[in-house]
Amino acid sequence: MSMTEFLHPGLLLIAAALPVLWLGGWVRSLWVIAMPLAALCLIWQWPQGHYLHLQYVDYELSLLVIDHLSRIFALVFALFTAVAMLFCCRQANRHELAAALLCSGSALGIVLAGDLITLFVFWELLALGGSLLIRANHTPAARGVGRRYLYLHLCGCAVLLAGIAGHTGTTGSISFTDMAPDTAAHYLMLAGFLLTAAAVPLAFWLPAACSRATFNGAVVLSGLVTQTALYTLLRGFPGTELLIVLGLIMIVYGIVYAVLADALRRLLAYSLVSQVGFVLVATGIGTESALNAAVAMGVMLTLIMGLMFMTAAAVADGTGRQRLSELGGLYQSMPLTTGCAIIGAVSLLAVPLTGGHASRVLLDEAVRAGTFTTLGWFLYAGTAGAVLHAGFRYPWFTFYHRDSGLRPSDPPWNMRLAMLLLAWLCILIGMAPCQLYAHLPYAVACEPYDPAVILAALQRAGFAILGFFMLLRWLEPRRRVLLDVDWLIQRLVPMLRPPLSWLAACFTACFAREAVREAALIAGLLLLLLLCLYWF
Amino acid sequence: VNDQHVFYRAKTLYILRLAGAVILLILLLAEWYFGLPAMFGMHAALALLASVILALIATAVGHLYDRAQSAYVDD
């Protein structure tokens with residue numbers, strides 16, 4: 001048995017986060033890039049199977065499962081982490097790098113988990129890592145958003161744990177396989193996964209987190225968190241029709257809010273929400289070809305949105321401005337960043353020869369095979385709608401349109417190299433889609449470069465851009481009030497504070513008496529016992 | 001802000017639109033040439049409609065927000 005068989009890629013990254021707090025200079029830069037690459041090599045060398053077993057009470061935990069589904073997500077996550085670390089290795093603060101490695105390690109842990117208990121432990125760590133990543137910005141606003149992120153995701157963890165307890169109680173199994181939403185426990189698990197996938201109506205955390213985190217933190221958050229949740233939905237709830245409805249709502253919701261957004265990262269975050277909707281629809285359809293499409297779109301989303309957030313970070317880093325209304329004409333001084341943003345944008349628009357096209361044709365094929373004609377037209381319209389956010393609006397108003405007079409240069413070499421790598425991957429996968437298809441869970445029987453497919457894709461992109469220019473004056477960015485569901489929550493929570501405080505005071509007063517405290521303890525234990533009996 | 005920038009000048013935009021229209025016409029003709037008469041123009045029309053309708057919806061929502069004049073700005 002070789003040494004590598006004892007190493008878990010996720011745990012490796014989590015362990016690697018600690019030394020980052022003490023290392024400095026080029027050693028730290030080398031360390032944060034080398035560790036994800038080591039994790040990538042580990043995942044690559046393992047054949048399919050179950051590894052790293054651990055006995056916990058009556059259950060045998062399987063910390064590492066390599067199969068078609070987990071392998072592709074783990075490979076892309078590790079690769080993306082290495083590129084993201086390259087992007088931020090020079091100017092990021094050490095807390096941010098450590099939190100990013102914690103996030104990435106947790107995401108890998110979730111993807112490779114073979115049982116629900118391991119999944120839950122890494123899920124908690126992901127919530128913690130995400131919160132630390134936002135708080136690493138060290139601004140009062142970031143601290144507030146980081147705290148709210150943690151509370152919300154811990155609530156999601158509690159819901160997930162309740163679901164896992166119920167599922168384990170009724171089935172006696174902790175293995176993480178596909179489940180139908182037929183019991184309350186499964187619905188709770190589904191809700192826990194959907195919250196992290198930024199599904200409506202609780203999608204507001206993603207724009208808030210991405211806009212308040214550091215630029216590099218936003219890159220990591222956009223590439224890993226929602227995609228991890230998409231993986232769990234793919235493994236746990238394929239074919240759940242509720243996901244189709246949610247996905248369609250998210251597509252429109254994301255587009256509308258992205259059009260209204262003026263802040264760069266908020267626009268991109270809503271764009272991500274819209275794109276997540278497509279993956280949810282594919283997961284909800286649940287056929288083999290649709291699941292292939294969901295996997296392909298999920299992994300491409302990591303690369304494309306990572307690239308888009310990197311270009312936004314380069315712009316904000318160079319200009320010191322983060323609003324579309326304050327930018328324009330940057331193509332003159334930032335040609336490489338402009339090129340990378342355009343590659344990301346055409347990928348989102350699913351233009352041929354890009355990775356976005358290679359993954360989107362799989363969804364079109366699945367919809368056609370399943371004779372979901374109306375759904376197919378909705379998805380087609382949703383893809384065309386991408387011109388209104390990251391697909392065209394973001395690059396146009398940032399790099400072209402009117403001249404803002406700003407002349408920042410392209411970012412430092414490490415950031416340029418990271419952007420180029422992701423852009424190259426987008427093009428490579430588009431030009432040789434078989435490289436992606438070979439790693440999908442099921443055999444692919446579709447031809448992405450059939451003349452009819454190419455023409456449909458080009459017409460979709462071309463005429464959607466025509467629509468954009470027809471309404472160009474109305475789509476000009478401007479600072480405005482932007483309300484989301486978090487507005488409601490931020491107003492409801494203070495309203496709930498007085499009754500909750502009163503309730504807490506009552507409990508404290510009651511519990512001061514010995515007899516009442518013991519009675520409450522017994523009642524609580526009985527309630528817990530009843531719950532356990534119900535589940536088991 | 002330089003309003004005379006090449007990508008902002010009205011004349012340039014008209015030229016770009018004209019070039020775009022020619023490209024789009026070529027795409028439509030190619031669809032006809034490759035023998036896809038049943039779908040002729042459908043993709044183009046839907047993409048155009050979708051982007052316009054979604055933009056109008058977003059503009060209408062934005063107009064409502066502007067009228068609300070809430071003090072909540074968290075961008």
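Only this structure's heavy atoms are used, side chains among them; waters, hydrogens and symmetry mates stay out. Chain letters run A, B, ... following the sequence lines, proteins first and then strands; every chain starts at 1.
Only one option out of B:Val52, B:Leu54, B:Ile57 pairs with A:Leu388 in a side-chain contact (heavy atoms from CB on, under 4.5 Å); it is B:Leu54.
Counting heavy-atom pairs closer than 4.5 Å to chain B, the top-ranked of the candidates A:Ala381, A:Ala384, A:Ala464 is A:Ala464. Per-residue counts of heavy-atom pairs under 4.5 Å with chain B were compared for A:Val387, A:Leu458, A:Ile454; the largest is that of A:Leu458. When each of B:Ala21, B:Ala45, B:Ala55, B:Ala47 is scored by its heavy-atom pairs under 4.5 Å with chain A, the top score falls to B:Ala47.
Both the backbone and the side chain of A:Leu466 come within less than 4.5 Å of a heavy atom of chain B.
Residue B:Ser51 holds its OG atom at 9.5 Å from CD1 of A:Ile465, rounded to the nearest 0.5 Å. We find the CG-CZ distance between B:Leu46 and A:Phe378 to be 10.0 Å, quoted to the nearest 0.5 Å.
With sequence neighbours left out, A:Glu326 forms a salt bridge (charged side-chain N to carboxylate O under 4.0 Å, His left out) with no residue at all. The salt bridge (charged side-chain N to carboxylate O under 4.0 Å, His left out) check on A:Arg478 picks up B:Asp66, with sequence neighbours excluded.
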Inset, instruction - In sequence, state the C-alpha distance, the side-chain angles, and the governing distance for B:Leu48 and A:Met470, and then conclude on side-chain contact (heavy atoms from CB on, under 4.5 Å). - result: CA-CA 10 Å; B:Leu48 186 61; A:Met470 281 167 63; 3.8 Å; yes

Inset, instruction - Assess whether side-chain contact (heavy atoms from CB on, under 4.5 Å) is satisfied between B:Leu56 and A:Trp474, documenting all intermediate values. - result: CA-CA 9 Å; B:Leu56 287 177; A:Trp474 292 9; 3.1 Å; yes

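Side chain of A:Tyr380 to backbone of B:His43: a donor-acceptor contact under 3.5 angstrom is found.
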